[in-house]
Engineer: 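Dropping the structure in here first, questions after.
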Amino acid sequence: LVRKYEQALPDTKTAESITNEPMVTVDSNLKPAKMEPNSSGTGAVITANNWQVAVAAKTPEGKNTTASVQSDLIIYRGGSVEMQGIGFYPSARGDIYIFSEPTHLGTVQIDTFGLFGGEFKVSSSMNLGKHVLQLVSYAADGKSLTVSLPVMIVDVVPPTPLITTKASGFIFPTIAPIIITQNVLV
């Protein structure tokens with residue numbers, strides 16, 4: 001008996017073996033998945049078989065961010081992650097975790113059409129660096145489904161204020177914010 005309505009536990013084995021590609025397991029069997037940028041460039045879409053998951057990140061101020069899906073999806077410490085899905089088991093639940101240490105970010109309720117959506121806060125004390133974001137739920141056919149994707153937790157250094165000089169009155173604009181992950185410039 002599968003309990004599709006109770007909290008699903010994270011798949012620590014898959015999370016430990018993930019590299020720079022998303023990994024999907026269906027009934028504990030590894031399956032290929034495709035990850036592409038979403039149409040607005042603010043997140044990623046992971047597709048396999050008859051389901052799809054879209055993931056995007058927001059800054060701590062709630063602004064959409066530009067995604068980097070060539071390697072890891074960038075998530076801001078203290079920000080949030082939005083997740084939407086289609087093709088899931090109707091009326092089941094999905095649980096979202098982030099690793100290194102499995103941390104339960106939240107739960108989504110899948111509707112009667114197999115759709116879900118939710119936004120989940122990422123702790124401002126989350127360690128910087130490489131992590132795994134994971135959705136644990138059930139595919140439309142009732143098989144257990146785990147979607148794991150690599151993410152990079154970063155801090156955003158606030159931009160330096162514009163500088164004016166009294167003599168010339170020129171304004172020197174700042175360049176885009178610098179992203180720092182554990183003393184390494186990205």
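Note that the numbering runs from 1 along the sequence shown for the chain.
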Engineer: Donor-acceptor pair, distance only, cut-off 3.5 Å: does the side chain of K130 make one with the backbone of V151?
Structural biologist: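 Between the backbone of V151 and the side chain of K130 there is no qualifying donor-acceptor contact (under 3.5 Å).
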Engineer: Measuring from atom NZ of K63 to atom OH of Y76, what distance do you get when rounded to the nearest 0.5 angstrom?
Structural biologist: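 Rounded to the nearest 0.5 Å, the NZ-OH separation comes out at 12.0 Å.
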Engineer: Decide yes or no for F88 and L135: does some side-chain heavy atom of the first lie under 4.5 Å from some side-chain heavy atom of the second?
Structural biologist: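 Yes; the side chains approach each other to less than 4.5 Å.
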Engineer: Please confirm whether the backbone N or O of K58 pairs with a side-chain atom of N64, one donor and one acceptor, at under 3.5 Å?
Structural biologist: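 A pair under 3.5 Å: no.
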Engineer: Quick one: pull up OG1 in T42 and CD1 in I74 and give me the separation to the nearest 0.5 Å.
Structural biologist: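 T42 atom OG1 to I74 atom CD1 measures 13.5 Å (nearest 0.5 Å).
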Engineer: Can you hop from F113 to I86 via hydrophobic side chains spaced under 4.5 Å?
Structural biologist: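 As far as the 4.5 Å side-chain criterion goes, I86 and F113 are connected within one cluster.
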Engineer: Around atom NZ of K121, are there more than 12 heavy atoms of other residues, nucleotides or ligands at under 6.0 Å?
Structural biologist: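 Yes, because the 6.0 Å sphere around NZ of K121 holds more than 12 heavy atoms from other groups.
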Engineer: In Å, rounded to the nearest 0.5 Å, how long is the span from CE of M35 to CG of L73?
Structural biologist: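 Result: 7.0 Å between the selected atoms.
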Engineer: Between K34, E36, Q52, which is the residue that forms a side-chain hydrogen bond (donor to acceptor under 3.5 Å, both in side chains) with T47?
Structural biologist: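 Among K34, E36, Q52, the one that satisfies the side-chain hydrogen bond (donor to acceptor under 3.5 Å, both in side chains) with T47 is Q52.
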Engineer: Would you give the length of the straight line joining atom CD1 of I98 to atom CG of N127, rounded to the nearest 0.5 angstrom?
Structural biologist: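 Reported value, rounded in 0.5 Å steps: 10.5 Å.
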Engineer: Output, in order, the C-alpha distance, side-chain angles, deciding distance and verdict of side-chain contact (heavy atoms from CB on, under 4.5 Å) for Y89 and L145.
Structural biologist: CA-CA 10 Å; Y89 194 83; L145 175 65; over 6 Å; no
Engineer: Do any N or O atoms from the side chain of D27 and from the backbone of K143 form a donor-acceptor pair under 3.5 angstrom?
Structural biologist: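 Absent.
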Engineer: Checking T146 side chain against V24 main chain: does a donor-acceptor pair fall under 3.5 Å?
Structural biologist: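 No, T146 side chain to V24 backbone: no donor-acceptor pair under 3.5 Å.
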Engineer: State, to 0.1 Å, how close T112 and S91 come at their nearest heavy-atom pair, and which atoms those are.
Structural biologist: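 It is CG2-OG, 3.7 Å.
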Engineer: Q109 side chain to A92 main-chain N or O, any donor-acceptor pair under 3.5 Å?
Structural biologist: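 A pair under 3.5 Å: yes.
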Engineer: Counting distance only, does the side-chain N/O of R77 pair as donor-acceptor with the main-chain N or O of M126 below 3.5 Å?
Structural biologist: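 Flag set: sc R77 to bb M126 pair under 3.5 Å.
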Engineer: Check the surroundings of atom CD in E82: do more than 12 heavy atoms from other residues, nucleotides or ligands lie under 6.0 Å from it?
Structural biologist: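 Counting neighbours around CD of E82, more than 12 heavy atoms of other residues, nucleotides or ligands fall under 6.0 Å, so yes.
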Engineer: Quick check for you: to the nearest 0.5 Å, what is the distance between I153 atom CD1 and S124 atom OG?
Structural biologist: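 Output value for this atom pair is 11.5 Å.
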Engineer: If I take atom CG from residue L105 and atom CE from residue M83, how far apart are they, to the nearest 0.5 angstrom?
Structural biologist: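 Going from CG on L105 over to CE on M83, the span is 8.0 Å.
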Engineer: Evaluate ring pair (Phe, Tyr, Trp, His ring centres under 6.0 Å) for F99 paired with H131, printing each intermediate quantity in order.
Structural biologist: CA-CA 5 Å; F99 293 80; H131 292 269; 9.3 Å; no
Engineer: Hey, does the side chain of S144 reach the backbone of Y138 with a donor-acceptor pair shorter than 3.5 angstrom?
Structural biologist: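 A pair under 3.5 Å: no.
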Engineer: With the side chain counted from C-beta on, respond yes when R93 and F116 share a heavy-atom pair under 4.5 Å apart, and no when they do not.
Structural biologist: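 No, side chains not in contact.
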Engineer: Between N50 and D141, is there a side-chain heavy-atom distance shorter than 4.5 Å?
Structural biologist: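 When only atoms from C-beta onward are counted, N50 and D141 do not touch, as no gap falls below 4.5 Å.
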Engineer: Under a 4.5 Å cut-off applied to non-hydrogen side-chain atoms, are T103 and Y97 in contact?
Structural biologist: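 The answer is no; the side chains never approach within 4.5 Å.
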